[in-house]
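Comments concern the structure below.
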Amino acid sequence: MANKIKYGLKNVHYAVITEGEDGSITYGTPVKIPGAVSMSLSPRGERSDFYADDMLYYTTSTNDGYEGELEVALLPDEFKKDVLGYKEDANGILFEDANTTPKNFALLFEFSGDKNAIRHVLYNVNAARPNIESSTKTNTTEPTTETMSIVASPAPDTGMVKAKVEPGQAQYETWYQQVYTYVEPTGA
């Protein structure tokens, strides 16, 4: 039975992209980002209208992926090193290095639903550094989260932006073990 609603965000993972000299893309093993709070993504792309015969004659739009924000309780240091290029010195001190370029990654996650939890992957994500904020403790302790801007673009090798899998499909149980990529249908 299909979902009527979706809610929740959980099982957020990242898998670093490695691009070969020939332009081929490989994905690292997905790593969990605990403490997912929210994600909000808006479509990117342009709509183009063509007028002829005194009317809207043709409309097309481009798919440049999505952009938005991912909010987590606390971004793991492993993500900061793997993706954002932070460096750890010989004494275990973590440094943010202004001379590094963030690595792109696949972002895997899950939305709950009234019937099924649907798992998703965005294939080519770039993240900005997270915000830094906190506030003084008062008579209640209110956690402060970290939010980072992300852009999900089409994968450079396939043009795929995202995919989803539902329970019952063979790949559902192994979704977070490796990044699933497009398989050409037979007879296509």
Side-chain angles (χ1 to χ4, degrees), residues 5-19 25-46 62-113 117-156 160-164 175-180:
I5 61 168
K6 69 178 174 185
Y7 58 90
L9 172 65
K10 62 184 177 183
N11 288 327
V12 174
H13 289 68
Y14 70 94
V16 175
I17 292 175
T18 302
E19 187 171 349
I25 299 292
T26 56
Y27 298 95
T29 302
V31 177
K32 187 171 178 95
I33 301 175
V37 175
S38 68
M39 182 169 54
S40 175
L41 299 174
S42 300
R44 290 180 56 169
E46 295 284 329
T62 59
N63 183 343
D64 291 332
Y66 298 88
E67 64 183 326
E69 293 183 333
L70 174 62
E71 180 183 7
V72 297
L74 187 63
L75 202 57
D77 287 348
E78 202 64 29
F79 179 88
K80 291 175 182 176
K81 291 187 286 187
D82 292 347
V83 174
L84 299 177
Y86 283 40
K87 293 182 179 171
E88 189 173 333
D89 76 1
N91 294 315
I93 306 300
L94 196 60
F95 290 84
E96 181 178 337
D97 185 353
N99 297 313
T100 61
T101 302
K103 294 180 183 174
N104 286 8
F105 58 97
L107 184 66
L108 301 93
F109 55 93
E110 186 172 319
F111 290 142
S112 299
I118 308 298
R119 295 177 175 172
H120 301 264
V121 60
L122 296 167
Y123 285 107
N124 188 27
V125 177
N126 184 278
R129 295 173 298 144
N131 60 331
I132 299 174
E133 62 180 270
S134 195
S135 59
T136 191
K137 181 180 165 190
T138 61
N139 60 342
T140 62
T141 302
E142 191 69 32
T144 303
T145 60
E146 292 185 329
T147 302
M148 60 183 173
S149 297
I150 61 173
V151 174
S153 303
M160 298 301 175
V161 176
K162 68 182 183 93
K164 70 175 190 169
W175 196 252
Y176 299 112
Q177 294 174 10
Q178 67 180 19
V179 175
Y180 181 82

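The model shown is predicted, which means the values in this text are computed figures rather than measured ones. Counting begins at 1 with the first residue of the sequence.
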State, to 0.1 Å, how close [X] and [Y] come at their nearest heavy-atom pair, and which atoms those are.
X	Y	answer
G45	D64	CA-OD2, 3.7 Å
A163	Y123	CB-OH, 3.5 Å
A106	I17	N-CG1, 4.2 Å
P154	N124	O-ND2, 3.2 Å
P34	V72	O-CB, 4.4 Å
E146	L75	OE1-N, 2.7 Å

> According to the interplanar angle, ranging from 0 to 90°, do the rings of F105 and F79 count as parallel (below 30°), tilted (30 to 60°) or perpendicular (above 60°)?
Replying inline: perpendicular
Between the side chain of [X] and the main-chain N/O of [Y], is any donor-acceptor distance below 3.5 Å?
X	Y	value
N126	N104	no
S38	E71	no
D89	N91	yes
W175	F109	no

Are [X] and [Y] packed together at the side-chain level, in the sense that at least one heavy-atom pair is separated by less than 4.5 angstrom?
X	Y	value
P143	L74	no
Y14	K103	no
K164	F111	no
Y180	V121	no
Y86	E96	yes
V12	L107	yes

> Which is it for E88 and D77 under the side chain to side chain contact (heavy atoms under 4.5 Å, CB included) test, yes or no, and what are the steps along the way?
Replying inline: CA-CA 10 Å; E88 189 173 333; D77 287 348; over 6 Å; no
>> Applying side chain to side chain contact (heavy atoms under 4.5 Å, CB included) to L41 and L122, what does each step give before you reach the verdict?
In response: CA-CA 11 Å; L41 299 174; L122 296 167; 3.6 Å; yes
Roughly how far, to the nearest 0.5 Å, is [atom2] of [Y] from [atom1] of [X]?
X	Y	atom1	atom2	value
E78	K32	CD	NZ	15.5 Å
L9	H120	CG	NE2	9.5 Å
I33	L108	CD1	CG	9.5 Å

>> Surrounding CZ of R129 (heavy atoms of other residues, nucleotides or ligands, distance under 6.0 Å), is the total greater than 12?
In response: no
>> Out of the candidates N99, T100, D97, only one should pair with K87 under the side chain to side chain donor-acceptor pair (under 3.5 Å) rule; please name it.
In response: D97
> side chain to side chain contact (heavy atoms under 4.5 Å, CB included) between V16 and V31: does it pass, once the steps are laid out?
Replying inline: CA-CA 9 Å; V16 175; V31 177; over 6 Å; no
>> Quick one, E110 with Y176, criterion side chain to side chain contact (heavy atoms under 4.5 Å, CB included). Give me CA distance, side-chain angles, the key distance, then yes/no.
In response: CA-CA 10 Å; E110 186 172 319; Y176 299 112; 3.1 Å; yes
